[in-house]
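Reading through the structure tokens given below for one structure.
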Amino acid sequence: MLEQIFDPRYRIELNKEIVQRAGAEHVVLFDDVEHVVPDSQKGALLGLAGYQRMLFDGAAFSAVAPTTVLLRAPFHPVELAIAQTIRQKLGAKNQLRVLLVFGEKLVDQTNMSISEWPNLATKFMETAGGNPESFFSIFQNHREEIFQGRKSLLLPMQTQGCHHHFFVDDQLAVLLSDAEPFNDKNWSADQFLSHGLGHYIVPGQDIPEAGGNQAGFAEAVLRAIDNFPEQFPGMLPYAKLEKDGVSGIASLDPIEYPIIYDPRVNWDQRMGDLLRVMRERGVDGSVDGRVEQYRPPERDELGAKEITIGGFQVGDTLFPTSFGRMLLQGPIFKGMLHLSSIENMGLNGSTAKVGDILYSFGRVLPDTGYHFGYVAVDLIPLSDIRVNDYNFRRGGRSAGETLKWVLGGDWYDYEYLIPVTDHQQQVLEIPQRLYDRGVVPYSTSLLFFPEQGKLKIKVLIPMTLLRVPRDSLHETAKKLIMDAVAGV
């Protein structure tokens, strides 16, 4: 079951099954990241409108149905050309539209040439870059042009209650299951425990929010850490200052912050360290946190071994769609390897156990109300392999996932920050420079949104360009990017 994810025929048939189950004639993809990230974390992720990673997935869907990708910031023509390559590889005959909301109009970017790019990019930087419109307003203002009278399957980054509420009376809109309840990890863990999946789930407890009282929340976190070994004998604690959202921003690795976890250290010193981390990460104690079992991963030349598995739930079956080896710096996600062999990702002979986990989750999810939509689980491949974390959104893995099964080969999904120098020229030139060196840039719309004087570059690098020892992978990728963008 697991190895078939590398077979393009499997993915085409799965996409066909998704569209048919929805009874849809048309697919619409959009990345509304602001509905997934808690308000408290948005300050650490500036330029949310630029986080658009669904184009390659949309190109693949166009092999089975007419597809529209909605944008709030432009893609560089190089990224659009890669989407057309995906369509050609799959023999896609259905229409793919890439529609950019610009002012009061929808601009068709689908076949934009490189000669047209400077004019659009410059105008966007001058007029629209800092105030993107919400997707609900976009659908309200452009519904007829988007749907064109067709029953349409809507694929936001994560389908939530707000989507079901907005489209409740729209006869042309088909939605995935509401994933929002699963953002409450205490609720979802209780659901899985009550359905007999306790042996697959990392145990833990929630820390109630403190109404923005940082000191009060910090004290509750420390007490939960200190009480954890008594509540869960034989287990060590791992604190997440916010249980939802982007976990790396709010997670406290015990190796990185030993003083916070050490009850022998003076309480005031521990409180001081924790409050400092909370301030640095913009955590104010206004949302629930969580303390759960710490499962130190095995390490190899790439660092800590953590695997993420993407999938799609259809009825009572969870179909796997991707395996990725996460690369972490402390708790912060730094990239992902999409490899041809599942075992090479570090599963240590646990393939059969992983298959059991996916099968069991697939059977249980409909009983929790989730029967149609994205699923991702994170695993630490230890002897008693368990689900370390989970979410129910498309996420950033989808770009590499699609490129892997369509084009084949091994890929390194990598991101790098460069200083803003000549911002306009960087927006115009960087993606082409990367592509000319054999690197696939994606989410190129991020270039419009500097973060603290830096630009985020997201790329997929074929491993054929990185023929180095695996412990040199990060530095080699970094040098490749730096050489490509030098002088811009």
Side-chain angles (χ1 to χ4, degrees), residues 4-20 22 24-31 52-71 73-100 106-117 120 145-148 150 152-157 310 312 319 321-322 338 374 394 396-409 411 413 431-432 434-436 438-445 458-462:
Q4 66 188 348
I5 66 172
F6 303 124
D7 185 348
R9 294 170 297 180
Y10 163 75
R11 287 302 309 273
I12 290 173
E13 289 302 313
L14 177 57
N15 283 354
K16 188 182 299 183
E17 171 68 18
I18 291 168
V19 175
Q20 289 176 348
E25 310 162 271
H26 174 225
V27 180
V28 182
L29 296 95
F30 53 101
D31 270 355
Q52 302 180 129
R53 298 160 294 183
M54 67 300 199
L55 178 60
F56 299 164
D57 201 18
F61 263 106
S62 73
V64 301
T67 301
T68 298
V69 174
L70 287 178
L71 307 181
F75 282 143
H76 192 280
V78 160
E79 189 168 358
L80 298 168
I82 297 164
Q84 294 300 334
T85 298
I86 291 171
R87 283 169 49 78
Q88 291 167 9
K89 288 283 186 180
L90 296 177
K93 304 298 184 184
N94 298 296
Q95 182 186 34
L96 172 67
R97 295 187 302 165
V98 182
L99 301 181
L100 167 68
L106 291 181
V107 176
D108 190 341
Q109 245 209 300
T110 310
N111 297 303
M112 174 167 286
S113 68
I114 195 70
S115 62
E116 299 172 284
W117 176 239
L120 175 64
E145 190 173 352
I146 295 170
F147 287 156
Q148 294 185 332
R150 298 170 293 186
S152 300
L153 173 60
L154 306 184
L155 299 177
M157 182 178 178
F312 204 98
F319 293 94
T321 55
S322 67
H338 297 273
Y374 297 106
R394 180 171 55 245
R397 69 183 180 278
S398 62
E401 172 184 303
T402 302
L403 217 61
K404 168 67 190 168
W405 71 263
V406 175
L407 301 184
W411 298 84
D413 189 338
Q432 185 67 58
L434 293 167
Y435 189 62
D436 289 344
V439 175
V440 173
Y442 73 97
S443 197
T444 51
S445 47
K458 298 184 76 68
V459 294
L460 287 153
I461 307 174

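Nothing fancy with the numbering, it's 1 onward along the sequence. No hydrogens, no waters, no symmetry mates; every other heavy atom, side chains included, goes into these values.
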Test item: [X] side-chain N/O and [Y] main-chain N/O as donor-acceptor pair under 3.5 Å:
{"X": "Q52", "Y": "L71", "value": "no"}
{"X": "S398", "Y": "R53", "value": "yes"}
{"X": "T321", "Y": "G310", "value": "yes"}
{"X": "R394", "Y": "M54", "value": "no"}
{"X": "T110", "Y": "V98", "value": "yes"}
{"X": "R97", "Y": "I146", "value": "yes"}
{"X": "E79", "Y": "H76", "value": "no"}

Exercise. Looking at R397 and D413, does any basic side-chain N land under 4.0 Å from a carboxylate oxygen?
Worked result: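 No, this pair does not count.
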Exercise. What's the verdict on salt bridge (charged side-chain N to carboxylate O under 4.0 Å, His left out) for K404 and E401, showing C-alpha distance, side-chain angles and the deciding distance?
Worked result: CA-CA 5 Å; K404 168 67 190 168; E401 172 184 303; over 6 Å; no
For this session: Could I get the full list of ring-ring contact (aromatic ring centres under 6.0 Å, His included) partners for Y435, not counting sequence neighbours?
Result: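 Y435 satisfies ring-ring contact (aromatic ring centres under 6.0 Å, His included) with no other residue.
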Exercise. D7: what forms a side-chain hydrogen bond (donor to acceptor under 3.5 Å, both in side chains) with it, not counting sequence neighbours?
Worked result: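 D7: side-chain hydrogen bond (donor to acceptor under 3.5 Å, both in side chains) contacts with R9.
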For this session: Please tell me if the side chains of F147 and L154 come closer than 4.5 Å, counting only heavy atoms from C-beta onward.
Result: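 Heavy-atom side-chain distance check passes, below 4.5 Å.
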Exercise. I5 versus W405: any side-chain heavy-atom pair under 4.5 Å?
Worked result: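 Sidechains of W405 and I5: no contact.
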For this session: Would you please name every residue forming a side chain to side chain contact (heavy atoms under 4.5 Å, CB included) with L120, sequence neighbours left out?
Result: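 For L120, the residues satisfying side chain to side chain contact (heavy atoms under 4.5 Å, CB included) (neighbours in sequence not counted) are P74, L100, F102, Q109, M112, W117.
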Problem set entry | T68-H26 side chain donor-acceptor pair, cut-off 3.5 Å |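 Checked: T68/H26 side chains pair up, N/O donor to acceptor below 3.5 Å.
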Exercise. Between I82 and L403, what is the shortest heavy-atom contact and its length?
Worked result: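 Looking at all heavy atoms of both residues, the shortest contact is CG2-CD1, 4.3 Å.
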